[in-house]
Amino acid sequence: MPAEYLVAEAKKGNQRAFKKLFEDNVNLVYRFLYQFGKNNDQIKDWTQRAFIKAFENINYFEGNSKFSTWLIKIALNEMRTDFARVKDRVTVYMEESGYEANVSFEDEFEWKQDMKWLLSELDEFKKTIFILYEVENYSHSEIADIMNISESASRTNLHRAKTILKEKWNENRGKYD
Amino acid sequence: MIKQEDFYSKNEYPDFKSKMSIWKNVKNAIPRETKKPVLNLEYKSFAFGFAAAFTFLFVCIGIYSVVTKLSEKSEPDYIRVNKAYTRAIDEFEQTMPKIVTASNKSFNLDEMLKARNANLKNIDAGIQEIKMDAGDLSPIKQNRLRQLYKMKLDILSKMIDAEENGL
């Protein structure tokens, strides 16, 4: 069933339609939040808060973006609320230099699951942009909408994230050769 | 782009139990859906259905009339003439009960009516005999049938005149 129909039904208060939206998107939201959470309980909590917030505000969803994009935005905000509350948030340096180098990730190395540790080198901000772009295939325009930043900031910080990962990768290259 | 299967491991996805648990908490937190009573009329649907049914009925009546008219037009002339006579006779006969059952009719009128009714019975018998012939009527029989119709109409007309004149 198309998401537009389900959203329209959910706006009327149709719980069954919203449950279908939940089933279609819970994997996406959970796995994304997993990259930032400390434990399963925290991730579950963020996930359910995201869906509750989505239902409460569904009448504000105008359909200008995909429902999943809007949902990720809500999930990100819920996560950031907790980070701000416990003052655990890493100070984010949002780079807006506008410089874009053509960093080809695929030419450098083949991503393997045990390379996740590389992401620990990134702050939350760059890590979010990196995952949304490289893994979840969102465009810079969509990322800008999700994170309330400019497209330019999205591009710049992605480039910076790749540069950092490349540097770290090269430092540890011997382990994977 | 990194493939999702290369980036995410299985334990980074919620298992069935986790999904159910999350959904249960979400469901409890969101307003319950108010169920409409089964017998609650959907007025709009009802009105549209009614209008559609009426429209369909009138369309059927219209189609029936058109088909009937077309089939009548395609009938041979003698059948159409016979039908016209029959309709005229039916109309006259509908006025007869008033005369026949009138309690204040005179003796003369009463006698006249009895005689006329006897005539009518004979004419009806003749009409039925011709009609019972299967297949097309020959020109002679068609003529005979028309004569019988005219005689019957004539008698009925006289009976009505007699009642009007207060016989």
Side-chain angles (χ1 to χ4, degrees), chain A residues 9-10 12-37 40-41 43-58 104-106 109-116 118-119 130-138 162 165, chain B residues 1-70:
Chain A
E9 284 296 304
K12 293 179 204 170
N14 187 334
Q15 265 197 15
R16 256 191 265 175
F18 190 71
K19 189 181 178 188
K20 188 72 178 71
L21 285 169
F22 168 83
E23 286 164 359
D24 290 347
N25 292 282
V26 66
N27 282 354
L28 163 70
V29 173
Y30 191 95
R31 74 190 182 205
F32 174 74
L33 291 172
Y34 193 97
Q35 312 312 312
F36 305 92
N40 282 341
D41 286 339
I43 297 157
K44 273 174 69 175
D45 180 54
W46 286 339
T47 305
Q48 66 196 29
R49 277 161 52 189
F51 277 100
I52 293 168
K53 253 300 164 38
F55 187 87
E56 287 171 351
N57 293 285
I58 198 147
S104 171
F105 220 43
E106 289 73 20
F109 56 80
E110 187 184 331
W111 181 273
K112 294 193 176 86
Q113 277 190 8
D114 57 2
M115 290 180 185
K116 272 275 183 67
L118 282 170
L119 293 180
F130 177 82
I131 293 171
L132 288 175
Y133 187 86
E134 291 291 341
V135 184
E136 297 294 349
N137 300 323
Y138 284 103
K162 285 179 176 179
L165 292 174
Chain B
M1 298 291 174
I2 300 168
K3 289 181 192 170
Q4 286 168 1
E5 53 267 27
D6 290 339
F7 188 82
Y8 297 117
S9 58
K10 275 186 184 171
N11 65 326
E12 289 175 306
Y13 286 90
D15 56 20
F16 179 77
K17 210 174 157 189
S18 297
K19 282 187 200 178
M20 287 298 108
S21 166
I22 294 170
W23 173 248
K24 188 182 168 189
N25 290 333
V26 170
K27 191 179 167 187
N28 288 339
I30 60 180
R32 280 177 196 269
E33 193 178 1
T34 48
K35 286 186 183 172
K36 287 182 187 175
V38 173
L39 295 177
N40 189 30
L41 268 181
E42 291 283 345
Y43 289 107
K44 254 192 199 172
S45 304
F46 183 77
F48 281 130
F50 222 64
F54 263 119
T55 306
F56 181 69
L57 179 68
F58 285 125
V59 164
C60 287
I61 291 170
I63 292 172
Y64 175 77
S65 303
V66 167
V67 167
T68 308
K69 284 261 162 31
L70 286 174

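In the text below, chain A, chain B and the rest are named by the order of the sequence lines, each starting its count at 1. These numbers come from the heavy atoms of this one structure, side chains and all, not from hydrogens, waters or symmetry mates. In this text, all values refer to a predicted model and were calculated from it rather than measured experimentally.
- Because its NZ or CZ atom is not both nearer than 6.0 Å to the ring centre of A:Y30 and within 45° of the ring axis, A:K44 does not count as a cation-pi partner of that residue.
- Only the side chain of A:F55 comes within less than 4.5 Å of a heavy atom in chain B; its backbone stays farther off.
- For the pairing with A:K19, the side-chain contact (heavy atoms from CB on, under 4.5 Å) check across A:Q15, A:R16, A:E23 returns one residue only, A:E23.
- Of the residues considered (A:F51, A:Y34, A:F32, A:F18), A:Y34 shows the highest number of contacts with chain B, using heavy-atom pairs under 4.5 Å.
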After noting the C-alpha distance and the side-chain angles of B:F7 and A:Q35, does the key distance pass the side chain to side chain contact (heavy atoms under 4.5 Å, CB included) rule?
CA-CA 11 Å; B:F7 188 82; A:Q35 312 312 312; 3.9 Å; yes
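- Contact of A:I131 with chain B is made through the side chain alone, with heavy-atom distances under 4.5 Å.
- We find the CD1-CZ distance between B:I63 and B:F56 to be 8.0 Å, quoted to the nearest 0.5 Å.
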